[in-house]
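Got a structure for you, questions after.
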Amino acid sequence: MPELPEVEVICRGLRPHVVGRRIQEVVCGPKELRLAVPRNALQKQIAGATIMKLSRRAKYLLFDMDNGRRLLVHLGMTGRLGIFPAKAVQALHDHLIFRLDDGMEMRYNDTRRFGFVVVQERTGQENAPLAQLGPEPFWPEFSAEYLKKKAAGRLQPIKNFLMDSRVVVGIGNIYASEILFAAGILPTMPIGSLILDQWRTIITISRQVLTRAIEAGGTTISDYVNASGTPGYFQLELAVYGRAGDKCRKCRAIIEKQTIAGRASYFCPRCQK
DNA sequence: CTGTTAACCTGAGTGC
DNA sequence: TGCACTCAGGTTAACA
């Protein structure tokens, strides 16, 4: 489901509801997520602790507790986190319930169960799975020189490269297509052949597209909603994703769809070279 | 090392 | 209605 903009919107939406709240109890459903649910740690280390800070790194939500622990939540494809009154009827695929000390509950719902949660010690050093992540798109480390060096001599399509979290985090299948359209570069372009100026364009455009998507509340294709259950509206601004056969909004050529590394990719054959 | 495929899982949509 | 099939916002082990 969510890429960087959607996770960021959820993070901002949740923050006022959870920061300063004590988690009184964690209720785990019977099913496992992509990684086994750490029931023991949730009961012993998260229940009873107070959420001091909520932040985002890549597509992870980070709940920093007052007891030195950190709860890490990844939403996978269909994961949702929302705030509900304790008496609200539970939904199908609610897998985790965090009972807060103000009568509200934060519920983790995930139809396909590709998401997962991790409880870890909050140390100065990042532990797995955060340790291997590349820079955020908005960090200065995400530079043209960095990308050029990483890409040197390689034939990988630029779209896969942008979606590789070791290179840069947060860009998934929708925004990879959108960024490359806005940058005027074909998704199949081999990364080794890009020049510094093109990397500069990709960086600038990435930041623009992601920022605009956050402002629009994220992209809702089928079931993404923010923490309050409100959909995003960036899908109205999508230039190519899901628009195969439709006319390019810039040049009226027909948008094409091509599978690259097993993922649907969309582009305008006239605007992108 | 490089790059692609398949797998994890459920539900929605399509065509017959 | 029912059935078979395809596809979906992520990640990663296994493979060539």
Side-chain angles (χ1 to χ4, degrees), chain A residues 1-11 29-37 56-61 72-81 91-96 108-118 128-134 137 149-180 187-193 209-210 213-214 216-226 231-245 257-266:
Chain A
M1 158 176 78
E3 302 183 35
L4 184 152
E6 290 75 35
V7 180
E8 180 63 29
V9 168
I10 290 169
C11 183
K31 296 202 169 172
E32 300 300 344
L33 300 173
R34 185 157 67 82
L35 302 179
V37 175
R56 178 194 62 74
R57 169 80 172 104
K59 296 169 186 168
Y60 294 87
L61 289 163
L72 236 133
V73 179
H74 194 292
L75 301 171
M77 290 272 254
T78 50
R80 306 183 193 194
L81 270 180
L92 189 61
H93 305 303
D94 276 353
H95 300 297
L96 297 173
Y108 178 80
N109 182 288
D110 190 349
T111 303
R112 292 173 71 184
R113 288 185 277 124
F114 286 171
F116 59 93
V117 301
V118 169
L130 299 186
Q132 306 96 304
L133 294 175
K149 192 173 172 188
K150 278 231 147 190
R154 297 175 56 187
L155 294 170
Q156 187 182 42
I158 176 72
K159 176 162 178 278
N160 303 4
F161 187 68
L162 289 181
M163 290 173 66
D164 185 341
S165 62
R166 295 164 304 183
V167 175
V168 60
V169 300
I171 299 175
N173 205 38
I174 292 180
Y175 295 105
S177 278
E178 292 300 309
I179 287 166
L180 289 170
T188 45
M189 179 67 67
I191 52 178
S193 60
V209 169
L210 295 171
I214 292 169
T219 298
T220 297
I221 296 296
S222 62
D223 58 2
Y224 160 77
V225 289
N226 68 14
Y233 294 98
F234 193 71
Q235 66 277 10
L236 302 174
E237 300 179 35
L238 293 178
V240 288
Y241 184 86
R243 297 193 67 240
K257 175 182 179 179
Q258 183 183 345
T259 300
I260 303 172
R263 314 286 259 125
S265 313
Y266 301 85

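Chain identifiers are assigned alphabetically (A, B, ...) following the order of the sequence lines, protein sequences preceding nucleic acid strands; residue numbering begins at 1 within each chain. Computed from a prediction, not measured in an experiment: that's the story for all the values here.
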Side chain of A:Ile174 only, heavy atoms from C-beta on: which candidate in C:dG10, C:dG9, C:dC7 is closest?
C:dG9

Just the table, please: protein N/O against nucleotides 10-12 of chain B N/O, every pair under 3.5 Å.
residue : atom : partner  : partner atom : Å
B:dT10  : OP1  : A:Arg113 : NH2          : 2.5
B:dT10  : O3'  : A:His93  : NE2          : 3.4
B:dG11  : OP1  : A:His93  : NE2          : 2.9

Pick from A:Val7, A:Leu133, A:Leu72: which one makes a side chain to side chain contact (heavy atoms under 4.5 Å, CB included) with A:Arg57?
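In the set A:Val7, A:Leu133, A:Leu72, the residue that makes a side chain to side chain contact (heavy atoms under 4.5 Å, CB included) with A:Arg57 is A:Leu133.
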
Nucleotide C:dT11, atom C1' - distance to CZ of A:Arg263 in whole Å:
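Going from CZ in A:Arg263 over to C1' in C:dT11 covers 9 Å.
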
N/O to N/O distances under 3.5 Å, protein versus nucleotides 1-5 of chain B:
residue : atom : partner  : partner atom : Å
B:dG3   : OP1  : A:Leu155 : N            : 2.6
B:dG3   : OP1  : A:Gln156 : N            : 2.7
B:dG3   : OP2  : A:Arg154 : NE           : 2.6
B:dG3   : OP2  : A:Arg154 : NH2          : 2.8
B:dT4   : OP2  : A:Asn160 : ND2          : 2.8

Spacing of the P atoms in C:dA14 and B:dC9 (rounded, Å)
16 Å

Which part of the nucleic acid does A:Arg166 contact within heavy-atom distance under 4.0 Å: base, sugar-phosphate only, or nothing?
nothing

Parallel, tilted or perpendicular for A:Tyr266 and A:Tyr241, by the 30°/60° rule?
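Rings of A:Tyr266 and A:Tyr241: perpendicular, over 60°.
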
Take atom CD of A:Glu3 and atom C1' of C:dA8, then tell me their distance rounded to the nearest Å.
12 Å

Derivation of the side chain to side chain contact (heavy atoms under 4.5 Å, CB included) call for A:Ile171 and A:Leu4
CA-CA 6 Å; A:Ile171 299 175; A:Leu4 184 152; over 6 Å; no

Checking A:Phe161 now: which residues fulfil ring pair (Phe, Tyr, Trp, His ring centres under 6.0 Å) with it, not counting sequence neighbours?
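Applying ring pair (Phe, Tyr, Trp, His ring centres under 6.0 Å) to A:Phe161 gives A:Trp199.
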
For atom CG of A:Leu35 and atom P of B:dC8, their distance in whole Å
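Whole-Å distance recorded here is 15 Å.
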
Could you tabulate the donor-acceptor pairs under 3.5 Å formed by side-chain atoms of residues 150-158 of chain A, not counting sequence neighbours?
residue  : atom : partner  : partner atom : Å
A:Arg154 : NH1  : A:Lys150 : O            : 3.4
A:Arg154 : NH2  : A:Gln156 : OE1          : 3.1

With 3.5 Å as the limit, what N/O pairs link the protein to nucleotides 14-16 of chain C?
none

Rounding to an integer number of Å, can you tell me how far A:Lys159 NZ sits from C:dG10 P?
9 Å

Nearest-Å distance for atom pair CZ/C1', residues A:Arg34 and B:dC9:
12 Å

Answer yes or no: is there a donor N or O on one side and an acceptor on the other, between the side chain of A:Glu8 and the main chain of A:Arg56, under 3.5 Å?
no

Any side-chain to backbone donor/acceptor pair from A:His95 onto A:Leu33? Under 3.5 Å, distance only.
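No.
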
Going by heavy atoms in the side chains, are A:His74 and A:Val117 under 4.5 Å from each other?
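Sidechains of A:Val117 and A:His74: no contact.
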
Within this structure, what is the CE-to-P distance between A:Met163 and C:dG9, rounded to whole angstrom?
8 Å

Note: for A:His74 and A:Tyr266 on DNA chain C, the residue whose nearest nucleotide lies more 5' is A:Tyr266

Is A:Tyr175 close to A:Pro5 at the side-chain level, that is, under 4.5 Å between some pair of heavy atoms?
yes

Would you kindly give the CG-to-C1' distance between A:Leu33 and B:dC8, to the nearest whole Å?
12 Å

Got A:Ser265 and A:Thr259 here, is their nearest side-chain heavy-atom distance under 4.5 Å?
no

Would A:Phe114 count as stacking on B:dC9 if stacking means ring centres less than 5.5 angstrom apart and planes tilted under 30 degrees?
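No, aromatic ring not over the base.
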
Strictly distance-based, threshold 3.5 Å: is any side-chain N or O of A:Gln235 a donor or acceptor partner for the main-chain N or O of A:Thr219?
no

When the C1' atoms of C:dT6 and B:dA6 are considered, how many whole Å apart are they?
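Nearest-Å result for C:dT6 against B:dA6 at atom C1': 16 Å.
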
How are the rings of A:Phe116 and A:Tyr60 set relative to one another: parallel (under 30°), tilted (30 to 60°) or perpendicular (over 60°)?
perpendicular

For a 4.5 angstrom cut-off between non-hydrogen side-chain atoms, does A:Val167 reach A:Asn160?
no

Output the rounded distance in Å from CD (A:Gln235) to C1' (C:dA8).
15 Å

Looking at A:Arg80, is its backbone amide N or carbonyl O close enough to the side chain of A:Asn109 to form a donor-acceptor pair, meaning the two atoms are under 3.5 Å apart?
no

Its dot-bracket string being built from Watson-Crick and G-U pairs below 3.5 Å, with | for another strand and [ ] for crossing, DNA chain C has the pattern .|||||||.|||||||

